[in-house]
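Atoms within each ligand, like the ligands themselves, are counted from 1 in listed order. Remember, it's a predicted structure, so these values are computed and weren't measured experimentally.
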Amino acid sequence: MKNEELKNRDLDVLWHPCTQMKDHERLPLIPIKKAHGIYLEDFEGNRYIDAISSWWVNMFGHTNSYINEKVKEQLDTLEHVILAGFTHEQVICLSERLVKLTPDGLQKCFYSDNGSSAVEVALKMSYHAHLNSGEKKPLFVSLTNSYHGETIGALSVGDVELYKDTYEPLLMQTIQTPVPKDMSKESAADAAKEFEILCQNRADEISAIIVEPLIQGAGYMHMYHPHFLVLLREICSQYNIHLIADEVMVGFGRTGELFACEKAGISPDFLVLSKGLTGGYLPLSVVLTSDDIYAKFYCDYNEHKAFLHSHSYTGNALACAAANATLDIFENDDIIEKNRQKAAFMTQQLKKFESLENVAQVRQTGMVCAVELQGYKAEERIGLKVYEYGLKHGVLLRPLGHIVYFMPPYIITEDEIKTMMDVAYSAIKEL
Ligand SMILES: *Cc1c(COP(=O)(O)O)cnc(C)c1O
């Protein structure tokens with residue numbers, strides 16, 4: 001009853017993200033009453049395993065008692081304060097911790113409130129840093145098949161047609177260099193070679209290359225070898241081009257290390273974080289950069305040299321409290337080590353998908369697994385079929401086209417991993 005009522009009220013007044021709203025004439029919208037751990041629960045008592053961490057943000061389950069406690073404490077102390085001219089303990093503490101935890105050479109934190117706007121910050125800062133050194137370099141490079149968010153600047157460096165094509169005439173000109181075609185070291189070297197050729201010709205126009213380290217998330221969970229990052233780092237340093245690591249999705253343990261760049265042992269010039277930063281609680285993002293880049297903006301007042309970018313909710317205290325609580329859990333509960341065992345269990349469970357005829361490939365990097373289906377046309381919308389099957393059987397899967405993937409909260413148990421994968425297996429088998 002309540003479900004029906006809420007659906008109707010919703011459709012009267014809401015426009016949902018990334019949705020053809022007409023689909024909801026047939027496809028039921030699901031009002032969620034409450035959530036705990038990895039489970040979402042609707043008003044009829046149906047429970048769903050959140051196999052995609054609610055769009056890749058949740059780390060330690062919904063209504064996590066520890067994060068709840070820390071956010072509640074903060075709520076009675078300070079909810080928000082302007083971050084220009086003012087500061088607060090949560091944001092200082094969080095910044096100190098991030099500087100310590102991230103790869104060497106990242107010493108300053110600049111906050112924003114979502115992944116796309118943090119990407120915009122990194123792009124503007126990179127261009128502006130070169131400009132402050134007397135170089136005008138208006139071009140950005142990104143990888144083919146990349147995704148960096150939906151705002152105009154972020155979309156301009158993206159390369160997923162589905163999101164980009166319509167808005168093409170509005171976007172700034174960027175260059176795409178090939179992403180390694182598979183997870184081999186050879187492909188990594190081949191792709192890096194292409195980037196190097198580009199640099200030989202146009203380095204003096206290029207401010208930065210922005211990449212999603214190791215996994216292109218919205219780009220159909222395409223994965224590549226860490227060696228590519230090692231080579232990119234060398235080329236960027238050689239040609240005076242910034243390396244922007246967009247770890248909005250892969251950050252905070254998804255790849256098996258706290259940050260994906262660690263797998264390659266490299267430090268980017270800019271590190272972009274969001275999604276998992278607050279454990280999936282509140283919107284927050286941050287760009288970390290070096291003291292060197294910071295120093296290029298540091299001078300006696302000159303209106304063209306300072307970085308005058310701002311967002312109203314920059315460094316929100318509640319969000320920072322959630323982020324600090326999230327880092328506490330990483331520290332206290334030895335999460336990265338425990339995830340290694342869970343990832344190994346997922347590897348083992350994934351094997352059975354390989355024998356299905358309609359499966360082209362199975363791939364995994366750390367806590368992210370993807371099953372690529374083959375033999376279907378786009379208009380068959382098989383992803384939607386898997387989604388509907390999942391819901392009927394208590395698992396929230398949200399395939400990207402023909403890619404069924406798993407990116408669960410880290411508190412998932414082996415039994416729950418098995419249930420989640422069994423449901424996906426049956427869904428694929430019945431297609
Ligand atoms: C989700 C995502 C973004 C955009 O973040 P929003 O908070 O959705 O704006 C940017 N980059 C990557 C790699 C992402 O996965």
List the atom pairs, with distances to 0.1 Å, where a side-chain N or O of residues 34-41 and a protein N or O form a donor-acceptor pair under 3.5 Å, not counting sequence neighbours.
residue, atom, partner, partner atom, Å
H36, ND1, T63, O, 3.4
H36, ND1, T63, OG1, 2.7
Y39, OH, E416, OE2, 3.1

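- Under the 6.0 Å cut-off for aromatic ring centres, Y313 and Y111 do not qualify, their centroids lying 6.0 Å or more apart.
- K185 has no carboxylate O lying under 4.0 Å from a charged side-chain N of D190, or vice versa, which leaves the two without a salt bridge.
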Just list the side-chain donor-acceptor pairs under 3.5 Å for residues 276-283, sequence neighbours left out, or say none.
residue, atom, partner, partner atom, Å
T278, OG1, Y281, N, 3.3
T278, OG1, L282, N, 3.1
T278, OG1, L282, O, 2.7
Y281, OH, N64, N, 2.8
Y281, OH, N64, O, 3.3
Y281, OH, N68, OD1, 2.5

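- One finds no salt bridge joining E388 and R381 here, because no Lys/Arg side-chain nitrogen approaches an Asp/Glu carboxylate oxygen to under 4.0 Å.
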Counting only pairs under 3.5 Å, give me each side-chain donor-acceptor contact of residues 162-173, with atom names and distances, residues two or more places apart or in other chains.
residue, atom, partner, partner atom, Å
K164, NZ, S156, O, 3.2
K164, NZ, G158, O, 2.7

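- Residues of the protein with a heavy atom under 4.0 Å from ligand 1 are W56, N114, G115, S116, Y147, H148, G149, E212, D246, V248, M249, K275, listed by chain and number.
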